[in-house]
Amino acid sequence: MTVRVRYAPSPSGTLHVGGARTALFNYLFARHHGGRFILRIEDTDKARQVEGSEVQMMQGLKNLGIQWDEGPDVGGDFGPYRQSERIAGHRAAARDLLAQGKVYPCFCTPEELDAERKLLQSRGLPPRYSGRCRTLSTAQAADWMASKPHVLRLRVPNQGTTVVHDLIRGDVVFENAQLDDFVIMKPDGTAIYNFAVVLDDAGMAISHVIRGDEHLSNTPKQILVAEALGIGGPQFAHVPMILAPDHTKLSKRHGAISVEEYRQQGILPEALVNYLMLLGWSNPSGAEFMTLAEAIEPFDLNRVQHTAAIYDQKKLEWMNGQYLRSVSLSRLEEAIRPFIEQAGIDCAHGPKLHAALELTRERARTLVELVENLRFLYQPPQHFDAKGVDRHFRDDAVAGRLERLAAELDASISWDHDGLVLLFDRLAQAEGVKRAAIIHPTRLALTGKTVGPGLFELMVVLGKQESTDRLRAIVYALRSPQGVPLTPLPGSA
RNA sequence: GACCCCAUGGUCUAGAGGCCUAGGACAUCACCCUUUCAAGGUGGUAACCCGGGUUCGAAUCCCGGUGGGGUCACCA
């Protein structure tokens with residue numbers, strides 16, 4: 001059997017981590033088995049549709065490297081890949097079922113049903129459809145159908161069980177009596193989800209449906225539809241959900257949940273994918289760092305967890321930091337370019353970007369952070385860390401010391417790490433202070449901060465001219481009555 | 001409420017009856033390294049939800065309880 005799986009989002013929002021993880025597992029499963037990964041857009045509910053959502057979702061998946069083999073944009077032999085374009089098929093199938101009596105029209109109004117539900121609930125009973133229209137005579141039904149709005153309901157057997165053979169959970173048994181005659185077609189002639197998926201999955205020859213856990217309780221309905229249709233359904237695999245730190249469903253109020261937001265935070269897509277695949281699945285080798293391609297071979301639904309995973313931003317950022325350090329400089333440059341522009345940094349002048357990245361990337365967890373770390377290389381500091389000023393500039397001797405340092409630097413012929421070390425040592429000795437007593441004020445003068453790359457490495461990249469210029473500017477400021485401009489808010493140390 | 005799913009440190013997980021004195025990773029704490037901050041290294045705190053079985057032996061199997069989650073639309 002050829003493996004064909006799909007990810008079928010409704011274009012009602014952005015691609016969020018839960019959806020991305022589901023798509024990821026589908027993708028990995030397809031690739032592992034040499035099968036096909038299909039993208040289908042479930043856009044039958046016009047009311048919930050969000051403009052641009054479809055494009056955004058596709059872009060999000062592409063950014064993560066999750067490429068589909070068939071879909072609305074790339075086509076395929078089993079199209080159309082937009083559910084709204086399959087409505088004719090849904091209708092034909094519904095008519096067929098109606099002719100066979102497996103489905104019947106229901107004329108109850110939404111208001112009536114609502115009242116009925118409320119009544120049942122108030123008595124502590126499950127809110128299920130009474131089946132009032134189920135027993136209408138065919139003549140009566142046919143008569144009303146011509147004049148009254150109606151939905152179509154599936155005649156669900158009130159006895160027996162429906163069992164879901166789940167690849168992850170095993171057999172899950174549902175009592176048919178627990179289900180009511182659910183709606184499969186709306187009055188406007190469009191299909192309800194539980195009907196449309198079954199038809200579309202069959203139409204696209206989907207072999208395995210891998211989706212979030214929240215769909216498990218829908219599955220018996222879909223199996224019942226498939227049975228009514230006389231078709232064999234796909235195999236099912238329900239993957240655990242991703243929950244927020246407070247153990248509830250992930251939502252906007254938990255902060256970033258859409259993959260677009262992660263991009264904006266400066267999370268590398270390769271890091272996000274790597275983190276996501278570890279939520280609910282583990283490599284038998286024990287490896288945690290894997291590219292998408294490397295995960296294909298070991299991926300197996302047998303190793304998918306049964307428990308919901310709680311999403312942890314800290315670990316994501318840690319992992320991102322690892323990627324920031326290990327990707328190639330050219331990849332890093334490509335990824336950081338937009339952030340540099342957005343931060344208003346012009347790196348056409350000054351150090352080479354590669355050198356700047358090499359110098360600063362070890363200390364960042366996100367691209368946003370990294371940009372701030374390298375800003376000083378292209379822009380002289382405007383403010384100076386208040387605590388640092390208090391600690392390193394308080395001594396009256398500092399100005400003179402920095403002035404002599406600038407002179408020494410000017411006079412030096414070489415400009416490399418070891419030469420600078422020697423120069424600092426010499427000066428420290430002459431001044432009768434420890435080397436650190438010069439290093440710290442110098443870093444503060446050059447970067448405005450007390451933390452950052454090693455001073456000598458930093459100076460090599462900054463260059464001689466810029467370094468001495470900044471030192472002299474500080475000397476001047478220290479001797480002026482206003483002193484040094486401080487950073488407005490503390491805590492930047 | 002009904003139905004369904006699930007249950008190893010704060011978090012992600014390894015573990016498929018003896019290899020478990022429960023392993024790894026994030027986080028956290030301490031120390032080392034060090035010109036700062038990171039990174040790195042070393043070490044520490046920290047878990048098998050509870051109760052019954054089955055078995056010579058249970059984190060692993062069974063039952064019950066508890067807890068958490070999901071679903072109960074003319075949404076997907």
Side-chain angles (χ1 to χ4, degrees), chain A residues 8-12 42-45 47-48 83 106 108-110 113-114 117 120-121 123-129 149-153 164 166 168-169 172-175 177-180 182-188 190 192-194 196-197 212-221 238 240-241 243 245 247-249 275 278-284 286-289 302-303 305-319 321-322 325 360-365 373 388 391-392 421 424 434-440 442-444 447 449-456 493:
Chain A
S10 66
S12 56
E42 309 217 321
D43 58 348
T44 41
D45 186 17
R48 291 208 330 161
Q83 197 162 63
C106 170
C108 302
T109 65
L113 294 172
D114 215 43
R117 251 194 303 272
L120 286 168
Q121 258 166 343
R123 290 196 203 151
L125 293 168
R128 299 192 295 131
Y129 173 62
H150 58 275
V151 299
L152 257 27
R153 288 180 184 272
V164 180
D166 192 277
I168 294 172
R169 319 259 159 196
V172 183
V173 183
F174 294 85
E175 295 286 334
Q178 216 62 233
L179 271 26
D180 61 2
F182 55 95
V183 175
I184 63 155
M185 292 294 278
K186 297 181 222 177
D188 66 1
T190 57
I192 284 291
Y193 169 72
N194 283 131
V197 253
D213 220 6
E214 68 267 34
H215 287 284
L216 183 53
S217 23
N218 270 327
T219 309
K221 293 185 183 178
H238 289 92
M241 305 186 54
L243 265 27
H247 289 74
T248 62
K249 231 173 159 177
Y275 175 70
L278 258 23
L279 246 35
W281 175 77
S282 61
N283 190 322
E288 293 217 55
F289 282 94
N302 287 337
R303 292 188 67 85
Q305 200 77 10
H306 294 192
T307 325
I310 287 156
Y311 152 86
D312 180 12
Q313 175 86 10
K314 277 253 174 61
K315 187 158 185 177
L316 204 214
E317 287 184 6
W318 167 79
M319 184 161 268
Q322 299 294 316
R325 279 169 209 113
T360 54
R361 68 156 151 187
E362 197 173 292
R363 264 157 274 258
R365 302 201 135 196
N373 287 355
R391 200 168 336 157
H392 304 302
V421 172
F424 270 70
K434 285 193 196 161
R435 194 170 69 181
I438 306 179
I439 287 177
H440 294 303
T442 306
R443 176 185 290 103
L444 186 58
T447 70
K449 294 179 185 166
T450 57
V451 302
L455 181 66
F456 307 119

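Here is the naming used below: chain letters follow the sequence lines, and residue numbers restart at 1 for every chain.
Among the heavy atoms of the strands, none lies under 4.0 Å from A/Arg361. Counting any heavy atom pair closer than 4.0 Å across all strands shown, A/Thr44 reaches sugar-phosphate atoms only and no base atom. No engagement by A/Val197 is indicated, since no non-hydrogen atom pair under 4.0 Å with the nucleic acid exists. Using a 4.0 Å heavy-atom criterion, one finds that A/Arg128 contacts no nucleic acid atom at all. Among the heavy atoms of the strands, none lies under 4.0 Å from A/Glu175. Contacts of A/Glu317 with the nucleic acid, taken as non-hydrogen atoms under 4.0 Å apart, are absent. Note on A/Val183: only backbone sugar-phosphate atoms sit closer than 4.0 angstrom, heavy atoms only; bases stay farther off. Residue A/Met319 is classed as having no contact, given no heavy-atom separation below 4.0 Å to the nucleic acid. At a threshold of 4.0 angstrom between heavy atoms, the contacts of A/Thr447 with the nucleic acid are absent. Note on A/His238: nothing from the nucleic acid sits closer than 4.0 angstrom, heavy atoms only. Residue A/Asp180 is out of contact with every strand shown, counting any heavy-atom pair closer than 4.0 Å. At the heavy-atom level, A/Leu113 lies under 4.0 Å from base atoms of the strands shown. Across all strands, A/Lys315 comes closer than 4.0 Å to base atoms (heavy-atom distances). Using a 4.0 Å heavy-atom criterion, one finds that A/Glu362 contacts the bases of the nucleic acid, with or without backbone contacts as well.
Annotation for A/Lys221 and A/Asn194: closest pair CD-OD1, 3.7 Å, computed over non-hydrogen atoms. Scanning both residues, A/Pro11 and A/Glu42, for their nearest heavy atoms gives CD-O, 3.3 Å.
Here the nucleotide nearest the side chain of A/Arg325, chosen from B/rG1, B/rU13, B/rA39, is B/rA39. Nearest to the side-chain atoms of A/Arg363 among the listed nucleotides B/rU36, B/rC12, B/rU8 stands B/rU36. The listed nucleotides are B/rC3, B/rU36, B/rC6; the one nearest the side chain of A/Val451 is B/rU36. The listed nucleotides are B/rC4, B/rU13, B/rU11; the one nearest the side chain of A/Asp312 is B/rU11. The side chain of A/Ile310 approaches B/rU11 more closely than any other nucleotide in the set B/rU11, B/rG70, B/rC3. Closest to the side chain of A/Met241, from the set B/rA76, B/rC26, B/rG70, is B/rG70. Side-chain proximity of A/Gln305 to the nucleotides B/rA14, B/rC74, B/rC5 is greatest for B/rA14. Comparing B/rC74, B/rA2, B/rU71 by their closest approach to the side chain of A/Gln178 singles out B/rA2. With distances taken from any side-chain atom of A/Leu216 to the nucleotides B/rC5, B/rA14, B/rG69, the minimum falls on B/rC5.
Straight-line distance between the P atoms of B/rG64 and B/rC5: roughly 12 Å, to the nearest whole Å. Nucleotides B/rG70 and B/rG23 are separated by 32 Å at their P atoms, to the nearest Å. Separation of the C1' atoms belonging to B/rC49 and B/rG67 is 7 Å when rounded to the nearest angstrom. Annotation: B/rU66 and B/rC75 have their P atoms spaced 37 Å apart (nearest Å). B/rC19 and B/rC61: their P atoms are spaced 16 Å apart (whole Å). The P atoms of B/rU28 and B/rG68 are separated by 28 Å, rounded to the nearest whole Å. B/rU45 sits 10 Å from B/rG9 when the C1' atoms are compared, rounded to a whole Å. Rounded to the nearest Å, the gap between the P atom of B/rA7 and that of B/rC48 is 16 Å.
For A/Arg48 against B/rC75, a side-chain N or O and a base N or O form a donor-acceptor pair under 3.5 Å.
Shown here, B/rA59 forms no base pair; nothing in the strands shown gives a Watson-Crick or G-U wobble contact with both key distances under 3.5 Å. For B/rC37, there is no paired nucleotide, since no Watson-Crick or G-U wobble pair has both relevant distances below 3.5 Å. Across all strands shown, the partner of B/rA7 is B/rU66, judged by Watson-Crick or G-U wobble contacts whose two distances both fall under 3.5 Å. Base pairing of B/rA14 is not made with any nucleotide, judged by Watson-Crick or G-U wobble geometry with both donor-acceptor distances under 3.5 Å. Figure legend. B/rG1 is base-paired to B/rC72; pairs are counted as Watson-Crick or G-U wobble with both atom distances under 3.5 Å. Pairing of B/rC19, defined by two Watson-Crick or G-U wobble distances under 3.5 Å, is not identified with any nucleotide. Across all strands shown, B/rG43 forms a Watson-Crick or G-U wobble pair with B/rC29, both key distances being under 3.5 Å.
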Identify the pairs formed between an N or O of the protein and an N or O of nucleotides 29-35 of chain B at a distance under 3.5 Å, and give each distance.
| residue | atom | partner | partner atom | Å |
| --- | --- | --- | --- | --- |
| B/rU35 | OP1 | A/Arg435 | NH2 | 3.1 |
| B/rU35 | O2' | A/His440 | NE2 | 3.0 |
| B/rU35 | O2 | A/Arg443 | NH2 | 2.7 |
| B/rU35 | N3 | A/Leu455 | N | 3.3 |

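A sub-4.0 Å separation between OP1 or OP2 of B/rC37 and a side-chain N or O of A/Arg365 is absent. The shortest distance between the side-chain N/O atoms of A/Lys186 and the OP1/OP2 oxygens of B/rC75 is below 4.0 Å. The side chain of A/His306 places an N or O atom within less than 4.0 Å of a non-bridging phosphate oxygen (OP1 or OP2) of B/rC6. Close to B/rU36, at under 4.0 Å from its OP1 or OP2, lies no side-chain N or O of A/Thr450. The shortest distance between the side-chain N/O atoms of A/Gln313 and the OP1/OP2 oxygens of B/rC12 is not below 4.0 Å. One finds no side-chain N or O of A/Lys249 lying less than 4.0 angstrom from the OP1 or OP2 phosphate oxygen of B/rG68.
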Next item on the list: Take A/Lys315 and A/Glu288, measure what side-chain contact (heavy atoms from CB on, under 4.5 Å) needs, and give me the verdict at the end.
Entry: CA-CA 12 Å; A/Lys315 187 158 185 177; A/Glu288 293 217 55; 3.4 Å; yes
Next item on the list: For side-chain contact (heavy atoms from CB on, under 4.5 Å), just list the numbers for A/Thr450 and A/Arg443, CA-CA rounded to whole Å, side-chain angles, deciding distance to a tenth of an Å, and then say yes or no.
Entry: CA-CA 7 Å; A/Thr450 57; A/Arg443 176 185 290 103; 5.7 Å; no
Note to self: As a quick check of understanding, evaluate side-chain contact (heavy atoms from CB on, under 4.5 Å) for A/Val172 and A/His238, giving each step before the final call.
What the structure shows: CA-CA 11 Å; A/Val172 183; A/His238 289 92; over 6 Å; no
Next item on the list: Evaluate side-chain contact (heavy atoms from CB on, under 4.5 Å) for A/Arg169 paired with A/Val164, printing each intermediate quantity in order.
Entry: CA-CA 9 Å; A/Arg169 319 259 159 196; A/Val164 180; over 6 Å; no
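Residues A/Val151 and A/Cys106 are in side-chain contact: their nearest non-hydrogen atoms beyond the backbone lie under 4.5 Å apart. Here the side chains of A/Ile192 and A/Phe182 are not in contact, with every heavy-atom distance at 4.5 Å or above. Residues A/Arg391 and A/Leu444 fail the side-chain proximity criterion, which asks for heavy atoms closer than 4.5 Å. Looking only at side-chain heavy atoms (C-beta outward), A/Asp45 and A/Ser10 stay at 4.5 Å or farther from each other.
The CG atom of A/Asn283 sits 7.5 Å away from the CZ atom of A/Arg303 when rounded to the nearest 0.5 Å.
Contacts of A/Phe456 classified as ring pair (Phe, Tyr, Trp, His ring centres under 6.0 Å), with partners at least two apart in sequence or in another chain: A/His417, A/Phe424.
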